[in-house]
Asks: 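The structure's right below; bear with me while I get my questions together.
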Amino acid sequence: MLLPPTLLDRVLGDKTAKSFAKNLGLVTVSDLLQHYPRRYSNRGELTPIANLPIGESLSIVAEVVDARERRTKGRVSSILEVRITDGSGFLSLTFFNQAWRQKDLRPGVRGLFAGKIGEYQGKLQLAHPDYELFPEELSQFDAKAWADQPIPIYPASANVTTWMIQKALGIVLDTLESIPDEVPEGLQKEHKLLSVNQALEKIHRPTTKAEINAAKKTLVYREAFLLQSTLIQRRIDNEQAPATARLSKASGFLTRFDASLPFKLTAGQKEVGREITADLAKTYPMNRLLQGEVGSGKTLVALRGMLTIADSDGQSVLLAPTEVLASQHFRSIQKSLGEDLAKEVGLTLLTGQLPTDERKKAMLQVVSGKARIVIGTHALFSEKVEFYDLGLVVIDEQHRFGVEQREKLRLKGKLSPHVLTMTATPIPRTLAVTVFGDMAVSSLTELPAGRKEIDSHVVRAGDKSLVARVWGRVAEEIAKGHQAFVVCPKIDESEKEQSGASVEKTVSSLRQNSALKGLRIQELHGRMDAEQKAQIMQAFSSKEIDLLVSTTVIEVGVDVPNATVMVILDADNFGISQLHQLRGRVGRGSAKGLCLLLTAAEDGSIALERIEAVAGESDGFKLSEIDLELRREGDVLGASQSGGRSSLRLLRVIQDANLIKKVREEVEQIFARDRGLDSSPTLKAALEQINSAENLAKG
Ligand code: ADP
Ligand code: MG
């Protein structure tokens, strides 16, 4: 929406604006207007006290029961203890040296109380809460309307309370100019939408529930509309860029490669292979996302695409997020191609670790076009590497690359290269259309035959004997000649923000664990330099290390088939897809994998539910759906999954799937009629604003 980009200090004053920016990340009037209420309370309805979550900041409507002043021992200070109730449960408020509040906080008075819920001597309490009491004297008629009027409750912080936000919004809304509408009139009418101004007014200052619903409906529609417009515009722009059509030769590299395969392609691999072949034959660049579990055979599919390009005398590059992964890809592709084919296509590894002269030689091969298949890291690639005729870029692990890097890649070829992005973090189809709507999406849903499932179990921290048994199991696997991973949420104790076990502490405690006596235990984490990390991974691969204790640096793609067991400590610190990714590191060889998820998460918590979901489900696509359902609130399209795309505020991808589909069709029609959006200037301006904001965010 084209909301005013005015800085908040103009409207709220310096001090308030600074505090809004620091505590809530709200900088402009536009940010504030889109800081929507989390929920609504009303004065007549008390908030149930029984289930208030300890440790969370929240606002509740309650009634004062009584207030008592106590003197502390030395009699120098006093504590005012006020009990409030929802009619059944009680909560105490405590104030130090503020006895004067007693005259306001009289029995029977109602108000809105805000603070962090704590527990003291077994009782729920709010220490030094902020509150706003409701006036008691109102006429009978007013009282009812007033009691029913929704009070917006905003996501707030300890320093910026919900009513400070409400007040600030009041100021902004009172002077808000008329906002132009990017949704065409016909669609506004069809969907019975409010105007932008009305919707903002009613979401922030509703007088009835019906108004809230109408405002929400309007705002959700607009989010879907703008998101789909952005995605479809990108897709259309992409289709305008010229690319070279590529076809494989009758008895070329691809044919020879297929004939040499020791196994049959899965049905999915064949299907996706056909999709890619069709894309490569077009005269505008492919922009395809290939999603599938670790081990589902994505690299093989990509390699077949690269061979098609080689058949048309063009070049391909496969980019991996790290040097370790680039080398690993190189070795496995070398093996798949076989000696002759690898030589003929000029398979070349290009990473920062290569000695200078080798690197120069590799670069020369690339510039001259002799290297038709190049494997490298993104970091190196963004430097001065020139291609003779770059036809295809394959990007491994989407979530490690931003959209901006893809743009840079485009500039590498004479014409735009085709782009295939591979991700092992599958996302449900509904979401794929939503976030990757500018890409074509292919999915490999089956694993090649013969792959074994990983045994996964949740181990509750409270069960000491079971925890001890974990290390016994690890020792047994190692005794059989296998290796083990232990994953921790943080590196050392200096990371105060991050909870859970540290690599540092875990290594020293495991070294003292009698079950693991004499084993070679090594640590690995992201603060080590690339060379050191590579050395350690190399040592692990060549079985010089039995047990690797690390952070999530091993998350992506590392392939050590001899590692059969993974222990994840304080697993509640990781997301569902991350746990699934991590677990994919074991059981890659002939022996069955075992994953033990340790957690101190409480019964009935969402954290425990997440971990149990991972333990109980091995299908990454299903897990990603569960993940979405469990993340009821918050930013569904976290930057990591959306590749930095605009975050959604009210739109929920699963819940609103039908709406999204409908809106997508509507937007397609708009662009079909008027590709340049010449007759929709407001929409055009809104999209320009979104694109420039994203470019800014990308730096
Ligand atoms: P991904 O990149 O999706 O993790 P890979 O392409 O690396 O998966 O494949 C994993 C392993 O499975 C490789 O060793 C590969 O050679 C093998 N593989 C791939 N496709 C098949 C298939 N159709 N049948 C049997 N093995 C396969
Ligand atoms: Mg792979």
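Remember, it's 1-based here, ligands and their atoms both numbered in the order they're listed.
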Asks: At less than 4.0 angstrom from any non-hydrogen atom of Leu265, what atoms of ligand 1 do you find?
Replies: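 Listed by number with element, the hits are 23 (N).
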Asks: I'd like to know if Asp389 pairs up with Arg246 as an ion pair, taking the criterion as any Lys NZ or Arg NE/NH1/NH2 lying under 4.0 Å from an Asp or Glu carboxylate oxygen.
Replies: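 Yes.
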Asks: Report the member of Gly268, Ala267, Ser296, Gly297 with the shortest heavy-atom distance to atom 5 (P) of ligand 1.
Replies: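 Looking at heavy atoms only, the winner is Gly297.
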Asks: In ligand 1, which numbered atoms sit nearer than 4.0 Å to a non-hydrogen atom of Lys264?
Replies: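 Ligand 1 atoms under the 4.0 Å threshold to Lys264: 22 (C), 23 (N), 24 (N).
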Asks: Would you mind running through ligand 1 and noting each atom that sits below 4.0 Å from a heavy atom of Glu293?
Replies: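 Atoms satisfying the 4.0 Å criterion: 3 (O).
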Asks: Closer than 4.0 Å to some heavy atom of Thr266 - which atoms of ligand 1 meet that?
Replies: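 Going through ligand 1 atom by atom, the ones under 4.0 Å from Thr266 are 23 (N).
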Asks: So does Glu358 pair up with Lys361, basic N to acidic O under 4.0 Å?
Replies: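 Between Lys361 and Glu358 there is no salt bridge, as every charged N stays at least 4.0 Å from the carboxylate O atoms.
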Asks: Is the backbone N or O of Gln353 less than 3.5 Å from a side-chain atom of Glu323, with the two atoms forming a donor-acceptor pair by type?
Replies: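 Such a contact is found between Glu323 side chain and Gln353 backbone.
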Asks: Thr299 heavy atoms, cut-off 4.0 Å: which ligand 1 atoms fall inside?
Replies: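 The list of qualifying atoms is 1 (P), 2 (O), 5 (P), 6 (O), 7 (O).
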Asks: Using distance alone, with no hydrogens and no angle criterion, decide if Ser442 and Glu275 have a side-chain donor and acceptor under 3.5 Å apart.
Replies: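 Distance-only check passes for Ser442 and Glu275.
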Asks: Does Arg372 reach the main-chain N or O of Gln315 with its side chain, forming a donor-acceptor pair under 3.5 Å?
Replies: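 A pair under 3.5 Å: no.
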Asks: Among Glu446, Lys298, Met422, which one puts a heavy atom closest to atom 3 (O) of ligand 1?
Replies: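 Among Glu446, Lys298, Met422, the closest heavy atom to atom 3 (O) of ligand 1 comes from Lys298.
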Asks: Under 4.0 Å between a Lys/Arg side-chain N and an Asp/Glu carboxylate O for Lys343 and Asp340?
Replies: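 No, Lys343 and Asp340 are not salt-bridged.
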Asks: Suppose I only count heavy atoms of Leu300 and a 4.0 Å limit; which atoms of ligand 1 are within that range?
Replies: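 In order of numbering, the contacting atoms are 6 (O), 20 (N).
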